[in-house]
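Side chains are part of it too, since the values below use all heavy atoms of this structure and drop only hydrogens, waters and symmetry mates. Letters go in sequence order (proteins before strands), and every chain restarts at 1.
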Amino acid sequence: MNLENDIQTIVVQAVKTLYGFDAETNQVQIQKTKKEFEGDLTVVIFPFVKAARKSPEVAGQEIGEFIHKNNNIVSGFNVIKGFLNLNIHKSYWLETLNNIHADQHFGILLPAEDADIMMIEYSSPNTNKPLHLGHIRNNLLGFSIAEIQKANGWKVVKTNIVNDRGIHICKSMLAWKLWGNGETPQSTGIKGDHLVGKYYVLFDQEYKAEIKWLTETGMGEEEAKKSASLILEAQKMLLAWENNDPEIRHLWETMNGWVYAGFAETYNQLGVDFDKIYYESETYLDGKSKVEEGLKSGVFYKRDDESVWADLTGEGLDEKLLLRGDGTSVYMTQDIGTAKLRYDDFDIKKMVYVVGNEQIYHFQVLSVLLDKLGFEWGKNLVHFSYGMVELPEGKMKSREGTVVDADDLIAGMIETACETSEELGKLDNCTPQEKENVARMVGLGALKYFILKVDPKKNMTFNPKESIDFNGNTGPFIQYTYARIKSVLRKAAEMGINFGTKIDSDLEISEKESYLIQLLAAFPSVIEEAGKEFSPALIANYEYELVKEYNQFYHDFPMLKEENTHLRQFRLILSESIASVVKTGMKLLGIDVPERM
RNA sequence: GGUCCCGUAGCUCAGCUGGAUAGAGCAACGCCCUUCUAAGGCGUGGGUCAUGGGUUCGAAUCCCGUCGGGAUCACCA
């Protein structure tokens, strides 16, 4: 079935027969033949020249002849330097296309009934500020990774841990209480998360002003930070929250409610979702009790000030605080509690955390701690860490107002898509509703592709001034190709062309056409690789290459006007298969494709 | 200072477990719509793959050093 494996096996046989050399199949390097040479697949001969005791050219020639003679897929070959270029029979490619075309779920491995569960945590926002560009990368990666793992046969549970408690939440609550005058999203028309974010910023400003005032009266800066009335108030509020003070709890619920409504809107715009949401306010106590257990069993220890620590120096890490002297929990404690709850809820085989690379250390520690606490899955947790999104000037800083807001960015992308669409005028006889749908798909497609095509582990630069492109290596380019194919297929239907399902395998097709089939055939292995590597970028780059090749084909080869009906049928089937793979691949990136644009 | 990541064209990025003359897009310039959607296609110019060594028949890719950028080593999350 798999062409490359077949070739590998034959090469092993060839080397054995010709030179008595036992090669492993994975020693046989097969690659796509470079465009400037003739052939479809290339076998690298160098690994066998020693055993052959011949020059690479001669050995290549001999192996080529052996393959040619003992295999009916290979129609011919040539040897250049140490590279054996094989031509594959056109009929093989046509058969391959027939199979791809017939396969409803080509490239996708549907999860079995008893498939293992992979839980993927992503997004994980704070409830005190709106989502920004960094969150967008997180959300898009998390969602796409989930889709990709599903396509690799996993049962995926998408989860989100909302950081809804702690001193930072109290800051915005306090600011609202002091200066809010009862403002609500309804009264102001401001989206809930933005309204709360406003008060978080306000707190910070007022707090800084107070510190400044205190230091001017002669107080040291450190002391001023600790004794400013605002921070003391906030801490008091946190304590009241922990003691279930009804008034504080009510305010907390109200303001969090605003934020959740806002987040829901942004998630909806982005097209991401979750199967199960956890809230830190509901998990941190489990973390505490788990730490207490560890303390009893001697995994952790207590210091004189009653704080609880883990000594990880044996693992090459530092000592880590797990509970403060006053018994309150820290970030790590909460993650332990959340992990416990999740494994109680689901039979998780693999846990994946989509969290920025600034937390690599945190997850190293978490992994060791979970292991020490007796969770057998702790050691194998995956921290899928991704790089920062930077602006040309460097990191985004909320203080300097250089944060790129998620809602603004999305709205801007859709707006630009809409304008471009109007200029081109291709949707003039569509309803406003249809136009809006297309603008949304294209605008979001541009944004999502822009972010997902980059290797996740790298930092990436985003320049808000040079807004995201719609031409070239972009989402809309790929969407456009899909729409074009669909247009041709619609016309074919109008003309009453029934192109059936099967192509005669003795049809004469061009290099370009067989190459397109070869690219199509690679789709399943791309999905597999993307799953293993946790890399949507592999899918994105594959889609681009496929579509780029197809556009050349589209330009040079007639379809509806082709007079040879067999050839016409073949080209329509090829196009339909490409459209299908484009759609499936884009779906894995969370990108929709329009029927026309 | 310890640990980790990154450095490829003016800019943004590809380059799979080492393989042929390092590829795209953007930007610049030129060409192609009486032909299936020009959000397209074709062409031109643009590179010491940060740098110095090493391994190898062969290195952008693997190893070591140096330089540059970033992250982290919080009783913040």
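Salt bridge annotation for A:Glu549-A:Lys35: present, with a cationic side-chain nitrogen under 4.0 angstrom from a carboxylate oxygen.
Atom CD in A:Gln359 sits roughly 13 Å away from atom C1' in B:A74 (whole-Å rounding). If you measure from atom CG of A:Leu312 to atom P of B:A74, you get 12 Å, rounded to the nearest angstrom.
Residues A:Lys81 and A:Lys50 each lie close to RNA chain B; by heavy-atom proximity, the contact nearer the 5' end of the strand is made by A:Lys81. Position along RNA chain B of the nearest nucleotide to A:Gln31 versus A:Ala537 favours A:Ala537 as the more 5'-ward residue.
The base of B:C75 is paired with the side chain of A:Asp305 by a donor and an acceptor separated by under 3.5 Å. Judged by distance alone with a 3.5 Å cut-off, a donor-acceptor contact links the side chain of A:Asn85 to the base of B:A20.
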I'd like a list of close polar pairs between nucleotides 28-35 of chain B and the protein, N/O only, cut-off under 3.5 Å.
unit_1, atom_1, unit_2, atom_2, d
B:U35, O2', A:Lys561, NZ, 2.7

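At the phosphate of B:G25, OP1 or OP2 sits under 4.0 Å from a side-chain N or O atom of A:Lys548. Contact check, A:Lys458 against B:A14: a side-chain N or O comes under 4.0 Å of OP1 or OP2. Checking the phosphate oxygens (OP1, OP2) of B:A20, a side-chain nitrogen or oxygen of A:Lys34 falls inside 4.0 Å. Side-chain N/O atoms of A:Arg490 include none lying less than 4.0 angstrom from OP1 or OP2 on B:C36.
Nearest heavy atoms, A:Gly327 versus A:Leu323: O-CD2, 3.8 Å.
Every residue was checked against the ring-ring contact (aromatic ring centres under 6.0 Å, His included) condition with A:Phe77, not counting sequence neighbours, and none meets it.
The list of salt bridge (charged side-chain N to carboxylate O under 4.0 Å, His left out) pairs with a residue in residues 45-54 of chain A, not counting sequence neighbours, reads A:Lys54-A:Glu62.
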